[in-house]
Amino acid sequence: MPQILIIDDNAAVATALEVLFSLHDLETRHASSPEQGLALLAEQEFDLVIQDMNFTADTTSGEEGQALFRQIRDSWPDLPVILLTAWTHLDSAVELVKAGAADYLAKPWDDGRLLTTVNNLLELAETRRELSRRRQREREQRQHLHERYDLRGVVFADPASERVISLACQVARSDLPVLITGPNGAGKEKIAEIIQANSGIRGGPFIALNCGAIPAELIEAELFGAEAGAYTGANKTREGKFEAADGGTLFLDEIGNLSLAGQMKLLRVLETGRFERLGSNRERQVTVRVVSATNADLPAMIRDGGFREDLYYRLNTVELALPALSERREDILPLARHFLGDDGKPLSPPAAQALQRHPWPGNVRELRNVIQRARLLAQGPRIEVADLNLPRAPQRPSAPADEPDRARIVAALERAGGVIAQAAADLGLSRQALYRRMDRHGIPRE
């Protein structure tokens, strides 16, 4: 049952609140002075505090209440506090709300408004506790992954990244082909390295080939090797990537760029482990695990005749879909600090916020470049927003930059599980402002 602490020197006020809350299954305790209230907070866990602003007779300045509030905020920063007083001062209210007070009500209070505020704050507090528990579970799961597997120094904090990494570790022990999908610069090669490092062939070679960086006429020679004179410019025999990767892993990035002829030969190698160098009739046998990656829509390429369906299903025994950095935002700051290094300058709070707001179309590669440039050029003791040199986000003329549209409001409500206070805080709005926007967009109040 939720626990509420009432700090007020007026026993009649405390009794009235205790009766009101008891009728709604809320337990209360009463402290008649700031000192007693702080002592109870140190002894017991509470879900909410309702405190008076004046405790000394004939004092109406609210200074005692401000001092008490700041002591509570310093020691229990996540504990919601409602300020209650017979002497309202707008300046004090605004100042304390900015400092983190949950609400500011005048005596005599309106029971309905007070109960609504209390219930919303208790829901929000429970949501925050559940979020804290979830984050603790996620930290424990990440720690378990780091202890059990070789993660090749990968930096991550977002649950979306953790799911991909965990699945990569699970499938690593098998010899099944793996297809890693995701946008350029998202870190697909790092996932391939994790698969190799935790496989039964981790002691073998790890050979990477970007199929998109090799001309189509040379890609087969890169994969399978070529005899001297096999094509113009082939002055000597060369070993292909499959031979180099024998006993290990071959990572084929941008597999969608492989020609249809190369796809046919790749399919045969995957099925038999045999191939011929260009210009040779002698078959060679290798044992290679193939991990491929692409940012292309391979099913669409199959429909258009640009990719073999049988090869797709041969490569796609296990698919690991790595999201874009914009879809795993909890990774942004840990990655930025990793790229800064232990001896790098810290990020200022505004710079950290700018990193989290940026859409990162270039994904992790773009983030690394931004941080490396800022580390080199920053003149002050910290990296500031200007040092990041991020492009300005385009402004929409139809609405203020921070005005949430219907989709953002619906998404915030879904993330908050329908808790209005949590959704409003997520959007940077008051509850009343969120209700107005819900009505404007036709979003039902449930």
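Throughout, numbering of the chain's residues begins at 1 and tracks the sequence.
- Note on residues 313-364: pairs passing ring-ring contact (aromatic ring centres under 6.0 Å, His included), not counting sequence neighbours, are H358-W360.
- One finds the CD1 atom of I7 at 12.0 Å from the CG atom of L84 (value rounded to the nearest 0.5 Å).
- A side-chain donor-acceptor contact under 3.5 Å links D246 to the backbone of T287.
- R289 contributes a side-chain N or O that, together with a main-chain N or O of L176, makes up a donor-acceptor pair within less than 3.5 Å.
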- Tell me, with the steps shown, if L298 and L179 meet side-chain contact (heavy atoms from CB on, under 4.5 Å). CA-CA 11 Å; L298 294 185; L179 176 64; 4.1 Å; yes
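- Put simply, the side chain of V290 does not reach to within 4.5 Å of the side chain of R314, judged on heavy atoms.
- Among all heavy-atom pairs drawn from D343 and R375, the shortest one is OD1-NH2, 2.8 Å.
- For the pair L26 and L122, the minimum side-chain heavy-atom distance is below 4.5 Å.
- For the 3.5 Å distance criterion, the side chains of D78 and W76 fail to qualify, holding no donor opposite an acceptor.
- Note: D74 CG to F69 CZ = 9.0 Å, rounded to the nearest 0.5 Å.
- By the 4.5 Å heavy-atom criterion applied to side chains, P159 and R134 are counted as neighbours.
- Taking all atoms of both residues into account, the shortest heavy-atom contact from L320 to A168 is CD1-CB, 3.7 Å.
- Residues E126 and R133 are paired through a salt bridge, judged by an N-O separation under 4.0 Å between the basic side chain and the carboxylate.
- Rounding to the nearest 0.5 angstrom, the gap separating the CD atom in Q170 from the CG atom in N198 is 11.5 Å.
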- Run the numbers on I4 and D47 for side-chain contact (heavy atoms from CB on, under 4.5 Å), then give the verdict. CA-CA 6 Å; I4 300 174; D47 300 287; 5.8 Å; no
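- With rounding to the nearest 0.5 angstrom, the CD atom of E130 is 5.5 Å from the CZ atom of R137.
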- Item | V171 and T317: CA distance, side-chain angles, deciding distance, side-chain contact (heavy atoms from CB on, under 4.5 Å) verdict | CA-CA 10 Å; V171 303; T317 306; over 6 Å; no
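- The only option from L388, N389, D387 that meets the side-chain contact (heavy atoms from CB on, under 4.5 Å) definition with V370 turns out to be L388.
- A heavy-atom distance below 4.5 Å is found between the side chains of V164 and P323.
- Looking at K188, its side chain does come within 3.5 Å of a backbone N or O of G182 through a donor-acceptor pair.
- Using a distance-only test at 3.5 Å, with no hydrogens or angles considered, no donor-acceptor pair links the side chain of D9 to the main chain of S33.
- Nearest heavy atoms, P334 versus E330: CD-O, 3.2 Å.
- Side-chain N or O atoms of E45 include none that pairs as donor or acceptor with a backbone N or O of Q3 at under 3.5 Å.
- You'll find the side chain of I207 stays beyond 4.5 Å of the side chain of V288, heavy atoms only.
- The side-chain contact (heavy atoms from CB on, under 4.5 Å) test with T116 is passed by exactly one of L114, N119, N120, V118: N120.
- With a 6.0 Å radius and a threshold of 12 heavy atoms from other residues, nucleotides or ligands, E140 has its CD atom above the threshold.
- The backbone N or O of R152 sits less than 3.5 Å from a side-chain atom of K190, completing a donor-acceptor pair.
- Minimum interatomic distance between D8 and H30 (heavy atoms only, all atoms of both residues): O-NE2, 2.7 Å.
- Within 6.0 Å of atom CZ in R406, more than 12 heavy atoms from other residues, nucleotides or ligands are found, so the atom counts as buried in its surroundings.
- Looking at I72 and V49, their side chains come closer than 4.5 Å, going by heavy atoms from C-beta outward.
- With rounding to the nearest 0.5 angstrom, the CG atom of L5 is 9.0 Å from the OG1 atom of T28.
- With hydrogens and angles disregarded, no donor-acceptor distance shorter than 3.5 Å links the side chain of R70 to the backbone of A67.
- Side-chain atoms of S166 never come within 3.5 Å of backbone atoms of E162 as a donor-acceptor pair (strictly under, hydrogens ignored).
- Salt bridge status for E138 with R135: absent, with no side-chain N to carboxylate O gap under 4.0 Å.
- Using cut-offs of 30° and 60° on the angle between ring planes, the pair Y312 and F307 is perpendicular.
- When atom types are taken as modelled, the side chain of N363 and the backbone of R365 share no donor-acceptor pair closer than 3.5 angstrom.
- Taking every heavy atom of both residues into account, E64 and F55 meet most closely at OE1-N, 2.8 Å.
- Contact detail for G204 and Q196: the closest heavy-atom pair is O-NE2, 3.0 Å.
- Between V81 and Q51 the shortest side-chain heavy-atom distance falls below 4.5 Å.
- With a 4.5 Å cut-off on side-chain heavy atoms, L223 and L258 count as touching.
- At most 12 heavy atoms of other shown residues, nucleotides or ligands fall within 6.0 angstrom of atom CD in Q379.
- The line from CD1 of I420 to CG of L434 is 5.0 Å long, rounded to the nearest 0.5 Å.
- Applying side-chain hydrogen bond (donor to acceptor under 3.5 Å, both in side chains) to Q143 and the options R139, Q141, E147 leaves one that passes, E147.
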